[in-house]
Protein chains: 2
Amino acid sequence: MKKRIRIKDIAAQAGVSPGTVDRILHNRGNVSEKARNAVEEVLKQVGYRPNIHLSGLSLKKTYEIVITTPHASHGEYWESIHNGIREAIDQHESIHIKTTYLTYDQYNIYSCQNVFTQILILMPDAVIIGPTFKDETIELANKLAEKNIPFTFVDSMVEGTSPLAFYSANHYICGYLMCKLLKSLIPESSDIGVLQAIRIGDQSANTSILRRKGAYDYLTEANFSNQIHTIQFSVYEAQGNEDKMNEFFSSHPNVKGVIVLNSRGNVVANFLEKNKINDVRLVCVDLTKPNICALKNGRINFLIDQNPDYQGYMAMKTLLEYLILQTKPKVENYMPLNIVTKETIDLQLEFNFLKKI
Amino acid sequence: MKKRIRIKDIAAQAGVSPGTVDRILHNRGNVSEKARNAVEEVLKQVGYRPNIHLSGLSLKKTYEIVITTPHASHGEYWESIHNGIREAIDQHESIHIKTTYLTYDQYNIYSCQNVFTQILILMPDAVIIGPTFKDETIELANKLAEKNIPFTFVDSMVEGTSPLAFYSANHYICGYLMCKLLKSLIPESSDIGVLQAIRIGDQSANTSILRRKGAYDYLTEANFSNQIHTIQFSVYEAQGNEDKMNEFFSSHPNVKGVIVLNSRGNVVANFLEKNKINDVRLVCVDLTKPNICALKNGRINFLIDQNPDYQGYMAMKTLLEYLILQTKPKVENYMPLNIVTKETIDLQLEFNFLKKI
DNA sequence: AACCTGTTTGTGTACGTGCACAAAGATAAT
DNA sequence: ATTATCTTTGTGCACGTACACAAACAGGTT
């Protein structure tokens, strides 16, 4: 049981006052070469780890942190990320934090541009970004970097930026896995359907694209010789989707398995339910309420959880520790992909809830 | 952004001094009815949540906590539980804790009895129990309850005891799930093998028994009409096991899938590898190094993770919060059962590691 | 009333850290 | 040498909580 090392101890060992050590630890300047060297020498030896909860206790500053993601109302996925962020703040209650949630319409590029402009005006201490539009995100990232404002990504990473860290599912592996699981559920002779959303504008950062690539690569590797059909899907027009699925399933009767690359798996599940199509297996992503429902009633066979709450939690935690302790985190962080079934869903949900860590 | 409520605030509102509030919060006695009522009234209204990290700061007491489990050397499973326990202690660094690890041989009842006697002599402030022998555990639990020493279970719960909480996988569902997954991997016509360890003595708390029940119940529900064969397995005699498996697989050529109810799935995997049996699928439990290896090389198809590190973490965290803040936790806590495959294992491992929460 | 005894209440300090402010040196200008 | 200015260093307080100790009160006995 080794004794914890304090600022006071370091000061004594280096032959200076605690104040001087504090100035060095926080880069406040006004320290002589001599003192700096002495203290840094000691620091190297002892491996000082400050206690963030006590730091917060006497910290005067209030940190302003902006969180920008698609509107949470567009799905519980983003809500979970927001919950994780709040959890991290709760845990660091001794630190004064002012959060501003600036969400945008993920299907409207102007909404996103507008919000990103606001962020730069606000000049926050840090930013959490849930990206959608690639070019806009890169521009924001560059401007933040210019101003030395640290930022983290949740949900996905955008190439060409230098975040403090990102927390994302590995969407490629996710797609790969979905197809592998689906294959184990359907007859050898069956075709496969791949459902994805239609997007307005060009956003190549899109998670669905990575998932799709993973899915196709799996099928290639597994020498899948039957047909693969794509279903395009609009997020807005419910009736149009109904028609499209109707047409799809009647013209492709040999499709016995479908993967849904976005979080709207429940729409397909409901369609199958309504039309009494009982021999089509479904593998989907995201533990949204309707998806959970469809998993429980057996329409969805496997559901992949990307741990959005944990993403948000870590994105915020990382920022706070960087702001207060200058801790440099691991940059690339891929979430575990949890495979959830009818049997394990309740355990999974309870866990996520009590992940009050 | 609601302001945090402090002891001082409560005191002011109740018209007493902070010292009095403190006495009430910590049941130190010597408080008049009048003062107690006034303070408890305020407490009801404001919902005071003390900050455990600051409590630790001025706490004089050193808590002695005993952890008793099977030897960690018997498998990385218990080591993971121990790691979780250490993690919780790390996080509450401001609290003075003295831990004593008293491990026993899980195949030797005398070893267990011996260790449990020692615990009672030590008179610790709290105990974490990883149970194996049912009767001995019940006796220990009763004696601890008599002395008002709180305790938590990890790995499994023993009926007839009243722990502060337990953190365990739902072994029944685990077995059920294993069979369900295995079924999706093998031909319709295949038989199934169920491998379990031989135990010395009678321990009906055994996790394997619950898993087995789950497995059989699944097969019944799914109207499985082929044969189910049991393989008995000794943990000690490696050569004997080799012979047993040899006999088993040659006399049951129609077994194309096996579930292993204990953590030694890798033994079967290695046997299949060595004997070039390529058409038998395996579903196993626990992310031990050899199991991970067998998963990666494709011999094990699904591996179930019971989150042992999280069990240990919560078991310790719960005790600390009870000791310091008198927080009464949720008693029954079943871990999520994570289904891990070749594709997701690396993500899962990285996550467990950085679960530095 | 004066004293003792036991109960109830209030006050003050320590814990580790951040930061404001005072003190002490150092350098330059008069 | 004195003063002013700037740099470097040290000191002390606040934060929220636990706990030791002192103060105040109540009741009973002489």
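Throughout, a chain's letter reflects where its sequence line sits, starting with A, and its residues are numbered from 1.
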Legend entry - salt bridge (Lys or Arg N to Asp or Glu O under 4.0 Å) contacts touching residues 37-46 of chain B (sequence neighbours left out): B/R36-B/E40

Legend entry - Contacts of A/Y334 that satisfy ring pair (Phe, Tyr, Trp, His ring centres under 6.0 Å) - sequence neighbours left out: A/F166

Legend entry - Distance, rounded to the nearest Å, where B/Q326 contributes CD and D/dA18 contributes C1': 12 Å

Inset, instruction - Starting from C1' on D/dC19, measure out to CD1 on B/I324 and report it in whole angstrom. - result: 15 Å

Legend entry - For A/L43, all residues meeting side-chain contact (heavy atoms from CB on, under 4.5 Å), sequence neighbours excluded: A/I10, A/L25, A/V39, A/Y48

Inset, instruction - Take the C1' atoms of the five end pairs on each side of the helix from C/dA1-D/dT30 to C/dT30-D/dA1, get both axes, and report the angle to 10 degrees. - result: 80°

Legend entry - Listed once per pair and sorted, the salt bridge (Lys or Arg N to Asp or Glu O under 4.0 Å) pairs that draw on residues 53-68 of chain B, sequence neighbours left out: B/K61-B/D125, B/E64-B/K98

Inset, instruction - Let me know the distance between CD1 of B/I24 and C1' of D/dT17, rounded to the nearest Å. - result: 16 Å

Legend entry - Those residues that, when tested against B/N37, pass side-chain contact (heavy atoms from CB on, under 4.5 Å) (two or more places apart): B/E33

Inset, instruction - Sequence neighbours left out, what passes salt bridge (Lys or Arg N to Asp or Glu O under 4.0 Å) with B/R86? Give chain and number order. - result: none

List every contact pair, protein side and nucleotides 13-17 of chain C side both N or O, where the distance is under 3.5 Å.
from   : atom 1 : to    : atom 2 : distance (Å)
C/dG16 : OP2    : A/R6  : NH1    : 2.8
C/dT17 : OP1    : A/Y48 : OH     : 2.8
C/dT17 : OP2    : A/I7  : N      : 3.1
C/dT17 : O3'    : A/S55 : OG     : 3.2
C/dT17 : O2     : A/S58 : OG     : 2.5

Legend entry - Listed partners of A/H96 passing side-chain contact (heavy atoms from CB on, under 4.5 Å), at least two apart: A/T62

Legend entry - Within residues 140-169 of chain B or reaching into it, pairs that qualify as salt bridge (Lys or Arg N to Asp or Glu O under 4.0 Å) - sequence neighbours excluded: B/E139-B/K143

Legend entry - Rounded interatomic separation in angstrom, taking NE2 from B/H53 and P from D/dA18: 13 Å

Legend entry - Residues A/H82 and A/T69: side-chain donor-acceptor under 3.5 angstrom: yes

Legend entry - Nearest-angstrom distance from the residue atom CD1 of B/I95 to P of D/dT17: 14 Å

Inset, instruction - To the nearest Å, give me how far apart CG (B/L25) and C1' (D/dA18) are. - result: 11 Å

Inset, instruction - Say whether A/T318 and A/Y167, considering side chains only, have a donor N or O and an acceptor N or O under 3.5 Å apart. - result: yes

Show each protein N/O and nucleotides 9-12 of chain C N/O combination with a separation under 3.5 Å, one pair to a line.
from   : atom 1 : to    : atom 2 : distance (Å)
C/dT9  : OP1    : B/S32 : OG     : 2.7
C/dT9  : OP2    : B/S32 : N      : 3.1
C/dT9  : OP2    : B/S32 : OG     : 3.3
C/dG10 : OP2    : B/S17 : N      : 2.6
C/dG10 : OP2    : B/S17 : OG     : 3.0
C/dG10 : OP2    : B/T20 : OG1    : 3.3
C/dG10 : N7     : B/R23 : NH2    : 3.1
C/dG10 : O6     : B/R23 : NH1    : 3.2

Inset, instruction - Under the side-chain contact (heavy atoms from CB on, under 4.5 Å) rule, collect the residues that match up with B/S32, sequence neighbours excluded. - result: B/K34, B/A35

